Number of protein chains: 2
Amino acid sequence: MPTIKDVAKEAGVSIATVSRVVNNGPKVGDATRARVLQIMQDIGYRPNANARALVMQKEASLGVVIPELTDPFYASLASGVDTVARQHNMQLLLSTGLIEASTERAAIELLLQRRCDAMIVHSKFMSDDELTELAVATPGMVFINRYLPDIPERCIWLDNIAGGKLAARHLLVNGHTNLACITSDYSIDDPMLRLQGFKEELGEAGVSLREEAIEYGAPGQLGGELATQALLAKNIPFTGIFAYNDSMAAGVIKALHDAGLKVPQDVSVVGFDDVLLSRYVRPQLSTMRYPIERMAINAAELALSLVGGHPSELHSTNKYLPTLVKRESSSNASLS
Amino acid sequence: MPTIKDVAKEAGVSIATVSRVVNNGPKVGDATRARVLQIMQDIGYRPNANARALVMQKEASLGVVIPELTDPFYASLASGVDTVARQHNMQLLLSTGLIEASTERAAIELLLQRRCDAMIVHSKFMSDDELTELAVATPGMVFINRYLPDIPERCIWLDNIAGGKLAARHLLVNGHTNLACITSDYSIDDPMLRLQGFKEELGEAGVSLREEAIEYGAPGQLGGELATQALLAKNIPFTGIFAYNDSMAAGVIKALHDAGLKVPQDVSVVGFDDVLLSRYVRPQLSTMRYPIERMAINAAELALSLVGGHPSELHSTNKYLPTLVKRESSSNASLS
DNA sequence: TTGTATGCGTTATCAG
DNA sequence: CTGATAACGCATACAA
């Protein structure tokens with residue numbers, strides 16, 4: 001791979017001059033510039049981004065760490081960051097953190113070694129303290145889908161409680177009072193918060209959610225299916241189910257179907273996230289829309305403005321609200 | 001961010017010594033090593049990967065270019081590469097090429113500027129010539145889902161023709177002779193090849209596929225739905241449909257359902273790719289399994305071995321065969 | 001307008 | 001066992 005020296009030699013100028021034309025630097029003779037440009041073209045010169053980052057003390061890359069790539073939710077997140085990266089002509093540095101504190105740490109570490117200064121990280125397993133400490137040492141680090149009390153201005157998160165409330169309200173408004181919940185058994189706060197909001201809204205309406213009506217499972221289709229079977233086995237009456245996410249909701253629908261129950265005629269189900277899947281599943285899923293891609297874009301722009309020293313942009317608030325998307329899986333209880 | 005110098009000064013040794021302990025270099029006094037290690041820990045030293053790459057003339061990163069992140073098929077591809085990257089403790093450099101030659105080119109260019117030497121690229125819009133030229137200049141560049149005649153050893157691809165044949169055979173074996181095809185209108189070769197294989201196998205069995213029974217559309221659910229409606233409008237008889245991919249197949253099923261036709265009782269449908277979606281859709285999709293993640297892993301390992309100068313590994317062949325996954329959307333014609 | 005020289009953080013080659 | 005020192009490819013202050 002040719003270097004700046006090769007170009008300089010070939011053009012019979014100094015590397016300083018070549019450097020100037022590469023960077024559209026000031027005061028370069030038109031003739032010289034044209035010739036250098038031509039030669040760069042000819043020999044296929046590409047500026048070495050690493051060397052440049054080294055001397056300029058500035059990385060032209062945007063980092064993102066997510067648990068995994070194949071989950072559509074995280075894919076959307078990464079896609080949002082990628083959008084911003086492309087806009088700024090920056091390289092996307094992607095690291096997966098899986099579902100363990102140690103691998104999350106390694107993922108962040110890799111980015112840091114690259115001297116990546118702007119990065120948006122999705123971490124659910126490292127502690128508040130550790131994350132906060134990293135953040136103070138890295139001005140361009142912003143967290144998505146997580147709230148760190150000491151540095152809220154560096155976080156972009158969804159109001160899960162509000163989401164739970166909205167879901168409850170939707171079910172209540174449709175006349176459902178015998179409710180159940182299929183949630184995740186992961187020990188992160190999202191499931192807890194969504195459930196909390198769900199319960200609160202129910203409580204305000206004077207209806208309660210019995211503990212037996214809450215089933216836990218792995219946050220995927222199979223987990224949802226299994227949990228629903230367990231719920232059904234308890235033989236307690238319900239006409240509405242709030243699922244932790246769309247994948248679990250898909251499992252819920254399948255289990256219900258297998259048990260001879262119709263959705264939404266016999267039971268309404270509402271999911272969470274509004275990933276693509278919710279439109280493929282039959283009946284199409286009523287769900288809480290989680291604007292993750294938009295949030296990721298804003299997070300990336302926030303990170304960039306933080307390292308760029310730009311004024312604090314217009315980010316009025318970093319808390320986002322989910323919205324209800326009504327499709328086919330929920331309906332009025334009176335139809336039962 | 002502290003540098004090697006900071007560590008050296010703090011420890012009262014030379015940077016050479018620090019470098020040695022960082023790299024587990026030979027012959028460093030136990031006491032010295034321990035002290036240096038401790039100090040690195042204390043001040044939070046992280047070796048600068050850029051500087052290292054510069055001096056070692058070797059990048060510890062793995063590149064991948066795909067059209068986009070949110071398509072589950074490409075997400076699986078990227079995930080395979082990511083798996084290999086993590087195994088080797090390399091940073092994943094991800095660039096999206098969208099669906100245009102110019103952006104594909106830009107994506108590759110970005111990786112090259114990073115001096116990324118091992119990369120696996122999925123390109124459908126740049127020409128054979130341009131890609132081949134890039135490849136000869138970049139020993140660690142391997143192409144996935146594409147066949148370049150001049151450098152087959154640098155390509156990992158699926159036998160689309162065989163896939164079409166297998167799909168045809170499955171339908172034939174189940175007694176279907178009135179067939180239709182819903183394919184993609186993208187001007188890339190995959191749709192063409194799959195259709196070609198489909199036709200060939202049919203031909204060998206003495207059944208022909210009429211031109212009117214072939215409908216084209218965008219390779220997504222909506223495209224599949226619209227194309228199927230167009231097909232239905234023609235009022236030609238068929239009991240089996242071969243769809244270009246699973247998304248289109250999902251659209252096919254929806255359109256069929258809306259038209260009052262039952263799958264698979266009235267018509268069998270088989271998709272292609274076996275993405276997660278195929279298990280969510282009802283009825284579950286019979287489809288051709290495209291082992292894209294496995295292929296991506298092998299592609300990444302091939303790329304790594306190419307730059308590493310390792311012996312040419314065991315890659316007996318770079319051509320992969322799809323396999324039939326029979327689920328619920330296809331059945332025997334006699335059941336009609 | 002152009003060239004020279006210095007340094008960015010590392011590794012590696014030589015001497016001690 | 002350890003320390004100078006010369007690259008690596010590039011940007012830039014300072015000269016010319």
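Atoms considered below: every heavy atom in the structure, side chains included; atoms not considered: hydrogens, waters and symmetry mates. The structure presented is a predicted model; accordingly, all values stated were derived computationally and were not measured. Residue numbering restarts at 1 for every chain, and letters A, B, ... go by the order of the sequence lines.
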Q. Less than 6.0 Å separating the ring centroids of B:Tyr320 and B:Tyr290?
A.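 Centroid separation for B:Tyr320 and B:Tyr290: 6.0 Å or greater.
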Q: Report yes or no: do B:Arg114 and B:Ser61 form a side-chain donor-acceptor pair below 3.5 Å?
A: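 The criterion, which ignores hydrogens and geometry beyond distance, is not satisfied for B:Ser61 and B:Arg114.
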Q: Determine, stepwise, if the pair B:Val81 / B:Ile66 fulfils side-chain contact (heavy atoms from CB on, under 4.5 Å).
A: CA-CA 11 Å; B:Val81 179; B:Ile66 52 174; over 6 Å; no
Q: Sugar-phosphate means primed atoms, P, OP1 and OP2; the rest is base. With that split, encode nucleotides 8-16 of chain D 5' to 3' as B, S or - using protein heavy atoms under 4.0 Å.
A: BBBBBB---
Q.
Measure CZ/A:Arg114 against C1'/C:dT10 and give the value in whole Å, please.
A.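 Rounding to the nearest Å, CZ of A:Arg114 and C1' of C:dT10 are 13 Å apart.
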Q.
What is the distance, to the nearest angstrom, from the CG atom on B:Asp30 to the C1' atom on D:dT2?
A.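 These atoms are roughly 14 Å apart.
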Q: Let me know which of B:Tyr74, B:Trp157, B:Phe143 forms a ring pair (Phe, Tyr, Trp, His ring centres under 6.0 Å) with B:His122.
A: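 Only one of B:Tyr74, B:Trp157, B:Phe143 forms a ring pair (Phe, Tyr, Trp, His ring centres under 6.0 Å) with B:His122, namely B:Tyr74.
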Just list the side-chain donor-acceptor pairs under 3.5 Å for residues 20-27 of chain B, sequence neighbours left out, or say none.
{"residue": "B:Asn23", "atom": "OD1", "partner": "B:Arg52", "partner atom": "NH1", "Å": "3.4"}
{"residue": "B:Asn23", "atom": "ND2", "partner": "B:Ser19", "partner atom": "O", "Å": "2.8"}
{"residue": "B:Asn23", "atom": "ND2", "partner": "B:Ser19", "partner atom": "OG", "Å": "3.4"}

